[in-house]
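Have a look at the structure below, then the notes.
Both counts, for ligands and for their atoms, begin at 1 and track the order of listing.
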Amino acid sequence: MAKLSILEFPDARLRTVAKPVTVFDAELEQLVQDMLETMYDANGIGLAATQVDVHKRVVVMDLSEDASEPRVFINPEVEPLTEDLHRYDEGCLSVPGFYETVIRPERVKVTAQNEKGESYELIAEELLAVCIQHELDHLNGKLFVDHISRLKRDRIRKKLEKQHRLSQ
Ligand code: QAP
Ligand code: CO
């Protein structure tokens with residue numbers, strides 16, 4: 001297993017649109033394991049392959065308290081089931097230290113595949129609904145800061161750029 005390094009906003013590579021997974025092999029299994037290890041090590045609840053500079057449609061997640069419920073979403077798709085919206089203070093391992101309120105559909109149908117390529121479907125609400133929509137955004141080159149005002153986004157960008165300069 002290997003810990004991968006996480007790209008940080010405003011790295012342009014976070015804007016890459018990820019490609020569908022077509023081959024379900026040992027290499028994919030290894031990527032999933034490495035992403036889970038990277039997410040747990042960083043105290044995250046969700047991680048998209050885009051964030052580790054791998055541009056494949058792979059998401060890992062664990063919303064449990066004790067890292068006991070790893071979830072894998074390959075080629076995920078999301079369809080809103082209601083017009084009701086939900087506000088949540090989102091963070092992101094690629095935007096460390098910043099949290100902002102984002103509004104998204106509150107109930108969604110998720111279609112995805114597991115590591116073996118088997119399709120599954122689930123209805124997501126609450127934190128799971130927020131998280132899968134946030135992670136699917138990453139696969140499309142989008143970040144939660146794209147949902148907030150330009151003023152707030154630019155402030156966050158400037159603070160992170162300064163931190164990156166200081167830590168070089
Ligand atoms: C995405 O985010 C998410 O700033 C996953 O210093 C977030 O795992 C979905 C994290 C909220 C739904 C709701 C962020 C860790 C982790 C930080 C994360 C930080 C350390 C964020
Ligand atoms: Co994120």
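One N or O on the side chain of Asp25 and one on the backbone of Leu28 form a donor-acceptor pair closer than 3.5 Å.
From Arg165, atom CZ reaches atom CD of Glu161 across 6.5 Å, with rounding to the nearest 0.5 Å. Here the CE atom belonging to Met35 is positioned 9.5 Å from the CD1 atom belonging to Ile6, to the nearest 0.5 angstrom.
Under 3.5 Å, the side chains of Asn114 and Arg71 contain no donor-acceptor pair of N or O atoms. His147 and Asp137 form a side-chain donor-acceptor contact under 3.5 Å, judged by distance and modelled atom types alone.
Within ligand 1, the atoms closer than 4.0 Å to a non-hydrogen atom of Gly46 are 5 (C), 8 (O), numbered from 1 in the order shown. Less than 4.0 angstrom separates some heavy atom of Glu135 from each of these atoms of ligand 1: 1 (C), 5 (C). With ligand atoms numbered from 1 in the order given, ligand 1 contributes 12 (C), 13 (C) to contacts under 4.0 Å with heavy atoms of Val130.
For atom 13 (C) of ligand 1, the closest non-hydrogen atom on the protein side is Tyr88 CE2, 3.5 Å. Regarding atom 19 (C) of ligand 1, its nearest protein heavy-atom neighbour is Tyr99 OH, 3.6 Å. The protein non-hydrogen atom at the shortest distance from atom 8 (O) of ligand 1 is Ile45 N, 2.8 Å.
Summarising the contacts of atom 7 (C) of ligand 1 with Cys131, Gly97, Gly91, Pro96, the nearest heavy atom is found in Gly91. Heavy-atom proximity to atom 21 (C) of ligand 1, evaluated over Leu93, Leu128, Val95, is greatest for Leu93.
Within 6.0 Å of CD in Glu118 there are more than 12 heavy atoms belonging to other residues, nucleotides or ligands.
Put simply, no part of Phe144 is less than 4.0 Å from ligand 1, judged by heavy atoms. In this structure, Met39 falls outside the shell of residues with a heavy atom less than 4.0 angstrom from ligand 1.
Annotation: angle subtended at the Co ion (ligand 2) by Cys92 SG and His138 NE2 is 100°, to 10°.
Ionic pairing of Glu100 and Arg155 is not present here: no N-O contact between side-chain nitrogen and carboxylate oxygen is shorter than 4.0 angstrom.
Of the residues Val54, Val60, Ile74, the one that meets the side chain to side chain contact (heavy atoms under 4.5 Å, CB included) test with Leu31 is Val54.
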